[in-house]
Undergrad: 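Below is one structure. I have some questions about it.
Convention: sequence-line order gives letters A, B, ...; per-chain numbering from 1.
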2 protein chains.
Amino acid sequence: MAYEQLKLDNQLCFRLYTAARLTMGAYHPYLDPLGITYPQYLVLLVLWEQDKQPVNDIAHKLFLETNTVTPLLQRMEKAGLVKRTKGKEDTRQRIVSLTKKGIEMREQAKHIPDCLSNEIIQITGEEEEFVRMIPTLDKLIEGLKQQ
Amino acid sequence: MAYEQLKLDNQLCFRLYTAARLTMGAYHPYLDPLGITYPQYLVLLVLWEQDKQPVNDIAHKLFLETNTVTPLLQRMEKAGLVKRTKGKEDTRQRIVSLTKKGIEMREQAKHIPDCLSNEIIQITGEEEEFVRMIPTLDKLIEGLKQQ
DNA sequence: TCAATTTATATCGTTCACGATGCAAAAATA
DNA sequence: TATTTTTGCATCGTGAACGATATAAATTGA
């Protein structure tokens, strides 16, 4: 029967949606003391890997629209984590760079990934199946990226 | 080196977050014609399985807070999909029930799960590894549910 | 029975997320 | 070179998510 398919239990997307929300929630104890949110943490990860990037590059790496990232960066600028300067070759661009505070936060945050994986392992028992999920998720993301 | 851990590529949560957003986006072509959003679709799934539930039960099944679900239901009531009546035994409760429109939408929506799985299979080639992901996600959700 | 506590829902404020739209600068093309 | 198109970013409006708080009703317990 077709209605069977409409059961919540059958849905992969619901699990992704829920797991994503709850995992983000698990970052709270680590990000709250730093005064940042999970999306802001992602922006910092991008900038810690390479400082001074235009808005578009950051958005692209996070698979977000610029109209999501722009206000995010404005809030981060207000919080003193980044500054946004006009591009020199291309004046349409806004180059986002880390402030002293943004650079220093890297040191405070460097333990977070370990904390999170430990937590996940402790909570769920095993690590291997989560590692195995990564290439599958990458395939899904890659496939859905272009409509 | 500890900083290696801070690379975006290493992060499972980022993939969950991204996959969830993009998958929700894949529902747009099917939900837009019905005039509903993905979270509203989830509420309908819950109510199609069992009509007339208090807010709390719906929230619990979706792993959401009631302060997320209440405004969601208010919008759905305004859209004529559900109605919210005072509980009879417990007058604190609001019993949410489907309207005629909400009931009828089940028929229009019954093909959506098949469409989505076909899309995912077509996009990513294989089905099996996504099915395999489900119990792992359930384990993660179950573990993170209680703090 | 009456006060204290818990429960069910609602309201408020902030931050995302994103479609639609606007605008200026750059690039392409006539 | 002048015009058209594209690009990069910003703004606006709407709908989640959720922490904090409020409120009334139910429950507990003294």
Side-chain angles (χ1 to χ4, degrees), chain A residues 14 17-29 31-32 34-43 53-60 62-79 81-82 84-96 144-145 147, chain B residues 14 17-29 31-32 34-43 53-60 62-79 81-82 84-96 144-145 147:
Chain A
F14 173 63
Y17 160 79
T18 304
R21 279 191 307 104
L22 296 181
T23 314
M24 277 172 63
Y27 276 87
H28 261 117
L31 297 181
D32 285 356
L34 303 184
I36 57 175
T37 64
Y38 182 71
Q40 291 174 11
Y41 172 64
L42 292 180
V43 169
Q53 296 189 55
V55 175
N56 214 11
D57 288 20
I58 298 171
H60 191 255
L62 298 179
F63 305 99
L64 288 167
E65 304 298 319
T66 59
N67 57 0
T68 298
V69 175
T70 292
L72 194 55
L73 291 170
Q74 287 168 341
R75 284 186 288 270
M76 291 178 76
E77 186 170 44
K78 203 146 82 176
L81 293 165
V82 301
R84 305 180 305 140
T85 53
K86 280 230 182 291
K88 277 167 190 171
E89 320 87 64
D90 188 336
T91 62
R92 292 172 304 178
Q93 289 186 331
R94 285 280 221 164
I95 307 298
V96 182
L144 291 173
K145 204 176 53 185
Q147 283 89 339
Chain B
F14 172 63
Y17 161 79
T18 304
R21 279 191 306 105
L22 295 182
T23 313
M24 278 173 64
Y27 276 88
H28 262 118
L31 297 181
D32 285 355
L34 303 184
I36 57 175
T37 64
Y38 182 70
Q40 291 174 11
Y41 172 65
L42 292 180
V43 170
Q53 295 189 56
V55 175
N56 214 11
D57 288 19
I58 297 172
H60 192 255
L62 298 178
F63 305 99
L64 288 168
E65 304 298 320
T66 60
N67 57 0
T68 298
V69 175
T70 292
L72 195 54
L73 291 170
Q74 287 169 341
R75 284 185 288 270
M76 291 178 76
E77 186 170 45
K78 203 147 82 176
L81 293 165
V82 301
R84 304 180 307 140
T85 54
K86 279 232 181 290
K88 277 167 189 173
E89 319 87 64
D90 189 335
T91 62
R92 290 171 306 177
Q93 288 186 333
R94 285 281 220 165
I95 308 298
V96 182
L144 291 173
K145 203 176 55 184
Q147 284 89 337

Undergrad: Find the distance B:Gln40:CD to D:dT14:C1' and express it as a whole number of Å.
TA: 11 Å
Undergrad: Please classify the nucleic acid contact of A:Pro71 as base, sugar-phosphate, or nothing, using heavy-atom distances under 4.0 Å.
TA: nothing
Undergrad: Looking only at side-chain atoms of B:Leu64, point me to the closest of D:dA17, D:dG19, C:dA8.
TA: D:dA17
Undergrad: Between atom CG in A:Leu31 and atom C1' in C:dC16, what is the gap in whole Å?
TA: 15 Å
Undergrad: Would you classify B:Phe63 as touching base, sugar-phosphate or nothing, given that sugar-phosphate means primed atoms plus P, OP1 and OP2, and contacts are heavy atoms under 4.0 Å?
TA: nothing
Undergrad: Between the base of C:dT9 and the side chain of B:Arg92, is there a donor and acceptor pair under 3.5 angstrom?
TA: no
Undergrad: Return whichever of A:Leu22 or A:Asp57 has its heavy-atom-nearest nucleotide of DNA chain D closer to the 5' end.
TA: A:Asp57
Undergrad: Nearest whole Å is fine: how far is D:dA24 C1' from B:Asn56 CG?
TA: 16 Å
Undergrad: Report the distance from atom CG of B:Asp90 to atom P of C:dT6, rounded to the nearest whole Å.
TA: 17 Å
Undergrad: Could you check whether any side-chain N or O of A:Arg21 sits under 3.5 Å from a backbone N or O of B:Phe63, counting only pairs where one atom can act as donor and the other as acceptor?
TA: yes
Undergrad: Is the phosphate of C:dA26, meaning OP1 or OP2, less than 4.0 Å from a side-chain N or O of A:Thr91?
TA: yes
Undergrad: Rounded to whole angstroms, how far apart are CD on B:Glu89 and C1' on C:dT7?
TA: 15 Å
Undergrad: Answer yes or no: is there a donor N or O on one side and an acceptor on the other, between the side chain of B:Thr91 and the main chain of B:Gly87, under 3.5 Å?
TA: no
Undergrad: Just the rounded figure in Å: distance from P of C:dT14 to NE2 of A:His28.
TA: 15 Å
Undergrad: Reckon B:Tyr17 has a side-chain N or O less than 4.0 Å from the OP1 or OP2 of C:dC16?
TA: no
Undergrad: In whole Å, what is the span from the OH atom of B:Tyr27 to the P atom of C:dC18?
TA: 16 Å
Undergrad: Taking the six-membered ring for Trp, are A:Tyr38 and A:Tyr27 parallel (under 30°), tilted (30 to 60°) or perpendicular (over 60°)?
TA: tilted
Undergrad: Measure CG/A:Leu73 against P/D:dC9 and give the value in whole Å, please.
TA: 10 Å
Undergrad: Answer yes or no: does a side-chain N or O of B:Thr70 lie under 4.0 Å from OP1 or OP2 of C:dT9?
TA: no
Undergrad: Any donor-acceptor pair under 3.5 Å joining the side chain of A:Asn67 to the base of C:dG19?
TA: yes
Undergrad: Can you tell me how far the CG atom of A:Leu73 sits from the OG1 atom of A:Thr66, to the nearest 0.5 Å?
TA: 10.0 Å
Undergrad: Taking only side-chain N and O atoms of A:Arg75, does any of them lie within less than 4.0 angstrom of OP1 or OP2 on C:dT14?
TA: no
Undergrad: Tell me which of A:Tyr38 and B:Gln93 sits closer to the 5' end of DNA chain C, going by the nucleotide each one is nearest to.
TA: B:Gln93
Undergrad: Looking at D:dT11, I'd like to know if its phosphate oxygens (OP1 or OP2) sit under 4.0 Å from a side-chain N or O belonging to A:Gln74.
TA: yes
Undergrad: Does B:Arg21 make a side-chain N or O approach to OP1 or OP2 of C:dC18 shorter than 4.0 Å?
TA: yes
Undergrad: Checking the side chain of B:Arg94 only, and the main-chain atoms of B:Arg84 only, is there a donor and an acceptor separated by less than 3.5 Å?
TA: yes
Undergrad: Among D:dA10, C:dC16, C:dC18, find the nucleotide with the atom closest to the side chain of A:Arg94.
TA: D:dA10
Undergrad: Tell me what B:Thr66 touches on the nucleic acid: a base, only sugar-phosphate, or nothing, going by heavy atoms under 4.0 Å.
TA: base
Undergrad: Only one of B:Arg92, B:Lys86, B:Lys88 clears side-chain hydrogen bond (donor to acceptor under 3.5 Å, both in side chains) with B:Asp90; which?
TA: B:Arg92
